[in-house]
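Step one of this worksheet: look at the structure below.
Only heavy atoms go into these numbers, but all of them, side chains included; no hydrogens, no water, no symmetry mates.
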Amino acid sequence: MRKIRKIVAAALLVILAAAPLTVQAQSFRDVGANLSWAQEAISSVTNLGIMTGDASGNFNPNATISKFDAMRMFARMLGFNPVQHTVAQRAYYDTVFEARRSLIESFDGQFVLWNSAMNREIAFLLYRGILNPTDLDNFITVSAGFETRRNITREEVAVYLTRFLDGEQQAMQTTGVALFADDHLITPAMRPHVYFLRSLGILNGSNGFVDPRSNINRAAMAMLIHSTLQHENSPLLGGNTSSNTTNNNNTNNNNPAVETINGTIATTFPSIRSILTQSANQAHNNRVYPVANNAIITVANQNATFAQLQADMVFTAVLANGEIVSIHATGANNSNNQGNQGGGNANNNNNNTTNNSQIPPVANMRVLDGTVARINQTANTVGIETRSINPRNEIITEINDFALVTNTQITRNNAPTTFGNIAVGDLVVAYTYGNTVYIINLEERVRQVSGILIEKNFGTSANFPSIVIEDANGNTHNFIVDSSSSISRGNQRNLTSRQLRIGDQIDLWAENGRVSQIQARAVPRTAIDVYVRGIFISANSQSFIVVNGGSHGEEDSMHLLVDGLVDPREIIIGTSVRLWFDSQEIIGFTSMTSSSSNFSGQVQNITGNQIVVRDANFHTRTFTFDNSTVFFNSVTGQIVNINSVGIGTNVQVVPAQNNNNRANSVIIVAN
């Protein structure tokens, strides 16, 4: 897949480079010295046409990005050119779209705010594996009958860039990286992607925080895209397209957009003139390729038409810009292909046998998510049932048998188990290579788990919330909670997942990974007195404060605020407060610092390490500040730097406890 992306990107490099840019990145009016950290990235992505400025000559670095706009950027990273394309490229885009038309138009017809102009880019990203069909559920949110286009979050960007790097399999194996301070706020399904980019040095966070669920701004997006392209050695940046080419595909070096592929035809789609391929080369395995109208087609060395191409034919084809321009089929494949129809296991000859004494790299394995359909103890095989959607949007159910080897790793609910304990009906995630399975992770259809609630993540109406339970052995279990889940807490009934508290003792029953019943009990905790060091206000209402124990000498810690009960903007950084808990979440606070010691007024001057403030009675006070002074914007709920405070800014200064002339924190009230 990575090679295909490099080839396509290289083929369109000339077009992208030739596209005129009305505003060069270096001359954006709003990209100055304050954005020195992002200037190189902004220059790169705008010169490549991946991102653009506005008609007024601004880049708008602090603006958020809708998911639709983000998809356009990702498509252009892969070489998609929506304007200056050739007739052949247009036909290619149309063919890719036609194969996914019904899926995309089901959303287009459902939402008024769906951006129909993006449909071909979305189809292209679905085809390239950057988007999954389920990703389309959260482009639009609906609340009280009103639609809103969602902005893309930092953790979502991590998912799409990981897919761009073909890193999902490797991401699942990423270990040994330091935790972010707000790790518990990363959606569990997206955590591997965030840490994969962290391991590559692409996504480093700030001051130990990654801020996963906040909306990413344009400057940060430029940085991530630029770093990803550099890591990929992308042709868009002048990278070597053949640096990783080690197969024998006879790539035409004079035209990097042309290559030869080999394999077996799995299915033909006459309505869109395309074929589904099986190939020993994973880059071309289980892929749908359009066949050009003027393509040269032969079957058994005789001129033929597209209609004469059939499933199970072995073929050699020439691929140009993602489209087959020549295909030579040798007839039906008579080798034993039992259990492989449409399954993507093209290892039908003896040249692809697997050395069972050594597990292949996980990145080379195929991952199956399905159900155990049958078990053959004598043959030492397990049959796995999977479901998929073909280009006609039809659900295809298939069962493939896979042989176990002596070193097959088998776990059930994260605990090691044996082949004899596999049961028909188990949910399974299997890592396979050819017709051999090397890793089997099992889970019962119906489960009962007891433990402590350590994480809860809220989704949209189409993306149900999830919770994470830690059992007595320290194992974690992730479950989906939907409207059918019966939730009680103490004497309260008919609750939602939002009314559960981190730290609750949980008894949970689930079927197929979805919660059917939860019984929760609060774990008593006394109030504590702490010193507030920072506040994090999340767009998803999972805000928390960073505190230490003040004179008690406790280490810094984070505490969640219960949504709707505590307004984080009422808590002042640099003050002592008493926190009241329900299990481990804050349900109330009492200020321990007298507000009379604070000084409110308008900034008169800022020089060196001093700030001069005048109150409503024209009394003036001068405070010193240093690197430990916190500047906080009470309007946005964000920690800012000294540059955000100017002459005339209304502020409240919280003096240091032992020095009334030093500012412990400066809260911006309004500009």
Under the side-chain contact (heavy atoms from CB on, under 4.5 Å) test against I265, which residue among Q278, Q310, M313 passes?
M313

Roughly how far, to the nearest 0.5 Å, is CG of L197 from CG of L224?
7.5 Å

Least distance between heavy atoms, S44 atom then H226 atom:
OG-ND1, 3.1 Å

Is there side-chain contact between V428 and N441, with heavy atoms separated by less than 4.5 Å?
no

N262 and N281: side chain donor to acceptor below 3.5 Å:
no

Is any side-chain heavy atom of V299 closer than 4.5 Å to one of L309?
yes

Looking only at side chains, do H284 and Y289 share a donor and an acceptor under 3.5 Å apart?
yes

I would like to know whether F306 and I297 meet side-chain contact (heavy atoms from CB on, under 4.5 Å); could you show each step before the answer?
CA-CA 7 Å; F306 178 86; I297 303 175; 4.2 Å; yes

Of all heavy-atom pairs linking A123 and V96, the shortest is O-CG1, 3.5 Å

Starting at CG of L125, measure out to CZ of R72 and round the result to the nearest 0.5 Å.
11.0 Å

Can you tell me how far CZ of F196 sits from CG of L165, rounded to the nearest 0.5 angstrom?
5.5 Å

Side chain E385, main chain V372, donor-acceptor under 3.5 Å
no

Tell me if a side-chain donor or acceptor on E105 pairs with a main-chain N or O of S102 at a distance below 3.5 Å.
no

Without swapping roles, check the side chain of N132 against the backbone of T134 for a donor-acceptor pair under 3.5 Å.
no

So, does R191 use its side chain to make a donor-acceptor pair with the main chain of T187 at under 3.5 Å?
no

Within the side chain of R163, is there an N or O that forms a donor-acceptor pair under 3.5 Å with the backbone of I130?
yes

Just verifying a value: how many Å separate E98 CD and I104 CD1, rounded to the nearest 0.5 Å?
10.0 Å

Would a 4.5 Å heavy-atom cut-off, applied to side chains only, mark I327 and T316 as touching?
no

CD of Q308 to OG1 of T268: how many Å apart, nearest 0.5 Å?
12.0 Å

Taking the side chain as everything from C-beta on, heavy atoms only, tell me whether V159 gets closer than 4.5 Å to V157.
no

If you look at every heavy atom in D401 and G383, which pair is closest and at what distance?
OD1-CA, 3.2 Å

Just wondering, do Y195 and L203 contact through their side chains at under 4.5 Å, heavy atoms?
no

Assess the pair Y438 and Y431: is the distance between their ring centroids shorter than 6.0 Å?
no

Exercise: do H328 and T330 side chains pair donor with acceptor under 3.5 Å:
no

Hey, do the aromatic rings of Y93 and F80 have their centres closer than 6.0 Å?
yes

Grab the two heavy atoms, one from S227 and one from I202, that are nearest each other, plus how far apart they are.
CB-CG2, 4.0 Å

Quick check against the 3.5 Å criterion: does N380 have a side-chain atom that pairs as donor or acceptor with the backbone of L404?
yes

V405 and T436: CA distance, side-chain angles, deciding distance, side-chain contact (heavy atoms from CB on, under 4.5 Å) verdict
CA-CA 8 Å; V405 292; T436 305; 3.7 Å; yes

Pairs flagged by salt bridge (Lys or Arg N to Asp or Glu O under 4.0 Å) wherever residues 409-425 is involved - sequence neighbours left out
R412-D426, R412-E444

Polar side-chain atom of R76 near backbone of G49 as donor-acceptor pair, under 3.5 Å
yes

Over all heavy atoms of both residues, which pair between A266 and A311 is shortest? Give the atoms and the distance, please.
O-CB, 3.3 Å

Can you confirm whether T228 sits close enough to F164 that some side-chain heavy atom of one is under 4.5 Å from a side-chain heavy atom of the other?
yes

Worked verdict on D135 versus K67 for salt bridge (Lys or Arg N to Asp or Glu O under 4.0 Å):
CA-CA 10 Å; D135 293 330; K67 293 204 70 174; 6.0 Å; no

Close side-chain approach of I399 to I384, heavy-atom, < 4.5 Å:
no

If you measure from CD1 on I422 to CD1 on I440, what distance do you get to the nearest 0.5 Å?
4.0 Å

Polar side chain donor-acceptor pair, T153 to E156, under 3.5 angstrom
yes

If we count only N and O atoms by modelled type, under 3.5 Å, do the side chains of E168 and H193 hold a donor and an acceptor together?
yes

Would you confirm whether S106, through its side chain, and L103, through its main-chain N or O, come within 3.5 Å as a donor-acceptor pair?
yes

Check: F74 and I152 side chains under 4.5 Å, non-hydrogen atoms
yes

Please report the closest heavy-atom contact between T381 and A403, naming both atoms and the distance.
CG2-CA, 4.0 Å

For the pair F124 and Y92, name the ring-plane relationship: parallel under 30°, tilted 30 to 60°, perpendicular over 60°.
perpendicular

Should the pair R149 and F68 be classed as cation-pi, given the thresholds of under 6.0 Å to the six-membered ring centre and 45° from the axis?
yes

I'd like to know if the side chain of S66 and the backbone of D69 have a donor-acceptor N/O pair within less than 3.5 Å.
yes

Audit row: L48, L229, side-chain contact (heavy atoms from CB on, under 4.5 Å) steps and yes/no
CA-CA 11 Å; L48 290 171; L229 292 176; 4.1 Å; yes

State, without any angle test, whether S116 and D108 hold a side-chain donor-acceptor pair at a distance under 3.5 Å.
yes

Between T267 and I275, does the side-chain contact (heavy atoms from CB on, under 4.5 Å) criterion hold? Intermediate values first, please.
CA-CA 6 Å; T267 310; I275 64 171; over 6 Å; no

